[in-house]
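The first residue of the sequence shown is numbered 1, and numbering continues consecutively from there.
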Amino acid sequence: MALVLHAGKGNKNGFKGLIAAEYSGVSVELAPNFELGVTNKTPEFLKMNPIGKIPVLETPDGPIFESNAIARYVSHLKPNNPLNGSSQIECAHVEQWIDFASLEIDVNILKWFYPRMGLGVYLPPAEEAAISALKRSLGALNTHLASNTYLVGHAVTLADIIMTCNLLMGFSRIMTKSFTSEFPHVERYFWTMVNQQKFSKILGEVKQAETVPPVPAAKKPSRPKEAAKSKPKDEPKKEVKEPAKPKVEAVEEEEAPKPKPRNPLDLLPPSKMILDEWKRLYSNTKTNFREVAIKGFWDMYDPEGYSLWFCDYKYNEENTVSFVTLNKVGGFLQRMDLARKYAFGKMLVIGSEPPYKVKGLWLFRGPEIPQFVLDECYDMELYDWKKVDISDEAQKERVSQMIEDQEPFEGEALLDAKCFK
Ligand SMILES: N[C@@H](CCC(=O)N[C@@H](CS)C(=O)NCC(=O)O)C(=O)O
């Protein structure tokens, strides 16, 4: 039978237990008709959590409150669950990162965000201190993630679930791109996590905040008591309404999706190059690749309707572990999914020993790298981009070699070649 979780649908603390359940093969369902501010104030609810906060998980052995404890309980329902780490030191590191996610990341995001939502007093020096503490923590996290795909070991653990859910609040509500771009490995990590199938099933589509919520308008000073006393008796009494207390969860629930605008690339003049035809030729050519596919590519290529770009990873010296490097490139291609209709790419991982170099070739619809790709795929800024000059035969030849996975490439062996098509 499913365990019942009391939480609102968009509550990031509720997500922790739900995602842990996905990874653990445990069935957890949200309590129906939950209404924050109502359900959690009933005597029945207060018996489960005396401070009336969500989430609460009902179990056959009694209720559990505190979201991290709920996620831990769910993960322990599966014996030897890799979510909890696979050795004593890994278990300790999972706990370490859970505490870090809660006490160094979440707390500082909330100290920044809540006052701007009117949930607490807004004081500029307090905000400054919260942002600076958050940056310090994100800096440390960024360094850790420069050479690790996951927080602990080589797979998702409870630490990743809790960290991602805490970062979610920041990324979706207050940490805009201009803030997070200082932490490129945190960005890569966050977007990789939220796009894992078991995360996205619970979280749905995640979008980064485009603006920092404005500072709440200063309240008008209340009338001094003395003045109130001298109020003329015949002035009719105005009904004084208590300002409605903002609901905490109101800031966490997802907004209704807006209709998608048409992609401006669909409005470009038609091109003689049909991207799908090229992709089919690429996939179907098994022999004589140079003569068939590469020749076909240059016959089809339309420099008016498309552009070619070389990319070069900026942090190659960090590519010291082969599978971490391959995961990074794999994640990049996954995130480029949004450009499937408008792009083709080859990514080469070069070298027979670390540090590996990552270089790529991309074909994009239009004369420039599409703006939506730059905006939405943060990996783009981890690379230097150079437009291919097709009047230069040497550059054209390099394009051909990259499409062909020619080995050796620039004198070196290839560890891997991945294609985006
Ligand atoms: N440390 C708690 C925080 C719980 C919490 O702050 N819950 C909020 C919603 S995210 C709540 O229930 N607020 C309602 C209230 O304060 O009455 C956890 O992780 O479970």
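Pro370 is listed as a side-chain neighbour of Leu265, based on a closest heavy-atom distance under 4.5 Å. Using a 4.5 Å heavy-atom cutoff, the side chains of Val358 and Thr325 are in contact. Proximity of Val324 to Asn148: side-chain heavy atoms (C-beta onward) are nowhere separated by under 4.5 Å. Put simply, the side chain of Leu363 reaches to within 4.5 Å of the side chain of Trp278, judged on heavy atoms. Phe199 has its side chain within reach of Val156: a pair of non-hydrogen atoms, C-beta onward, lies under 4.5 Å apart. Side-chain atoms of Met48 and Phe65, non-hydrogen and from C-beta on, never get closer than 4.5 Å to each other.
When all heavy atoms of Asn40 and Leu46 are compared, the pair lying nearest together is O-CD2, 3.9 Å. Across all non-hydrogen atoms, the minimal contact from Gly360 to Met347 is CA-SD, 3.8 Å. Minimum interatomic distance between Leu415 and Ser322 (heavy atoms only, all atoms of both residues): CD2-CB, 3.8 Å. A pairwise comparison of heavy atoms in Pro60 and Leu3 identifies CD-CD2, 3.7 Å as the closest pair. When all heavy atoms are compared, the tightest approach of Phe183 to Gly139 is CE2-N, 3.6 Å. Across Pro55 and Asn13, no two heavy atoms sit closer than the pair CD-CB, 3.6 Å.
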Item checked: side-chain contact (heavy atoms from CB on, under 4.5 Å) between Ile202 and Lys198, worked out -> CA-CA 7 Å; Ile202 302 297; Lys198 291 185 169 71; over 6 Å; no

Checklist line | salt bridge (Lys or Arg N to Asp or Glu O under 4.0 Å) between Lys53 and Glu66, intermediate numbers included | finding: CA-CA 8 Å; Lys53 286 197 179 191; Glu66 284 298 327; over 6 Å; no

Notebook entry, point to check: Given Phe310 and Trp385, is the ring pair (Phe, Tyr, Trp, His ring centres under 6.0 Å) satisfied, shown in steps?
Noted result: CA-CA 6 Å; Phe310 291 129; Trp385 292 89; over 10 Å; no

Note to self: Between Leu151 and Leu141, is the side-chain contact (heavy atoms from CB on, under 4.5 Å) condition met? List the steps.
What the structure shows: CA-CA 9 Å; Leu151 289 176; Leu141 183 60; 3.6 Å; yes

Notebook entry, point to check: After noting the C-alpha distance and the side-chain angles of Phe171 and Trp191, does the key distance pass the ring pair (Phe, Tyr, Trp, His ring centres under 6.0 Å) rule?
Noted result: CA-CA 10 Å; Phe171 268 86; Trp191 294 113; 5.8 Å; yes

Next item on the list: Evaluate the criterion salt bridge (Lys or Arg N to Asp or Glu O under 4.0 Å) for residue pair Lys314 and Glu381; output intermediate values, then yes/no.
Entry: CA-CA 9 Å; Lys314 288 182 191 168; Glu381 64 191 46; over 6 Å; no

Notebook entry, point to check: Would Glu318 and Tyr356 satisfy side-chain contact (heavy atoms from CB on, under 4.5 Å), going step by step from the backbone distance to the final call?
Noted result: CA-CA 8 Å; Glu318 288 169 5; Tyr356 302 99; over 6 Å; no

Check: Checking side-chain contact (heavy atoms from CB on, under 4.5 Å) for the pair His6/Val4: CA distance, chi angles, key distance, verdict?
Finding: CA-CA 7 Å; His6 298 263; Val4 176; 4.0 Å; yes

Which donor-acceptor pairs under 3.5 Å do side chains of residues 336-343 form with protein atoms, sequence neighbours excluded?
residue, atom, partner, partner atom, Å
Asp337, OD1, Arg340, NE, 3.1
Asp337, OD1, Arg340, NH2, 2.7
Arg340, NH1, Lys421, O, 2.6
Tyr342, OH, Asp266, OD1, 3.0
Tyr342, OH, Asp266, OD2, 3.3

Report, one line per pair, each donor and acceptor closer than 3.5 Å where one atom sits in a side chain of residues 328-335; sequence neighbours left out.
residue, atom, partner, partner atom, Å
Lys328, NZ, Tyr313, OH, 3.4
Lys328, NZ, Asn319, OD1, 3.2
Arg335, NE, Tyr378, OH, 3.2
Arg335, NE, Asp379, OD1, 2.7
Arg335, NH1, Thr192, OG1, 2.5
Arg335, NH1, Tyr378, OH, 3.4
Arg335, NH2, Tyr378, OH, 3.3
Arg335, NH2, Asp379, OD2, 2.8

Which donor-acceptor pairs under 3.5 Å do side chains of residues 91-105 form with protein atoms, sequence neighbours excluded?
residue, atom, partner, partner atom, Å
Glu95, OE1, Arg72, NE, 3.3
Glu95, OE1, Arg72, NH2, 2.7
Glu95, OE2, Arg72, NE, 3.3
Ser102, OG, Asn68, ND2, 2.9
Ser102, OG, Ile98, O, 2.8

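Residue Gln395 holds its CD atom at 11.0 Å from CG of Leu361, rounded to the nearest 0.5 Å. Atom CD1 of Ile294 sits about 9.0 Å away from atom OG1 of Thr285, to the nearest 0.5 Å. The CG atom of Leu30 sits 9.5 Å away from atom CZ of Phe34, with the distance rounded to the nearest 0.5 Å. Expressed to the nearest 0.5 Å, how far CG of Leu134 lies from CG of Asn108 amounts to 5.5 Å. With rounding to the nearest 0.5 angstrom, the CE atom of Met117 is 12.0 Å from the CG atom of Leu110. Note that the CD1 atom of Ile174 and the CH2 atom of Trp112 stand 5.0 Å from one another [nearest 0.5 Å].
Looking only at atom types and distance, the side chain of Tyr189 has a donor-acceptor partner in the side chain of Asp160 under 3.5 Å away. In this structure, a donor-acceptor pair under 3.5 Å is present between the side chains of Thr180 and Gln208.
Geometric assessment of Lys386 against the ring of Trp309 yields a negative cation-pi assignment under the 6.0 Å and 45° thresholds.
Around NZ of Lys286, the count of heavy atoms belonging to other residues, nucleotides or ligands within 6.0 Å exceeds 12. When the shell of 6.0 Å around CD of Glu317 is examined, it contains more than 12 heavy atoms from other residues, nucleotides or ligands. Environment of CD in Glu304: sparse, with no more than 12 heavy atoms of neighbouring residues, nucleotides or ligands closer than 6.0 Å.
Applying the side-chain contact (heavy atoms from CB on, under 4.5 Å) rule to Thr42 yields the partners Glu44, Phe45; only residues at least two apart in sequence or on another chain are considered. For Asp405, the side-chain contact (heavy atoms from CB on, under 4.5 Å) partners are Lys346, Leu348, Leu414, Ala417, not counting sequence neighbours. Every side-chain contact (heavy atoms from CB on, under 4.5 Å) that Ser75 has, sequence neighbours left out, goes to Ser24, Asn81, Leu83, Asn84, Leu158.
Between Lys177 and the options Glu182, Glu210, Glu187, a salt bridge (charged side-chain N to carboxylate O under 4.0 Å, His left out) holds for only Glu187. Screening Trp362, Tyr282, Phe344 against Phe420 for a ring-ring contact (aromatic ring centres under 6.0 Å, His included) leaves a single residue, Trp362.
Taking the charged nitrogens against the carboxylate oxygens, Glu205 and Lys207 do have a contact shorter than 4.0 Å, which makes a salt bridge. We find that Lys111 and Glu127 are not joined by a salt bridge, their nearest charged nitrogen and carboxylate oxygen being 4.0 Å or further apart. With salt bridges taken as basic N to acidic carboxylate O contacts below 4.0 Å, none links Lys357 and Glu410. Using a 4.0 Å cut-off between charged nitrogen and carboxylate oxygen, Lys418 and Asp416 count as a salt-bridge pair.
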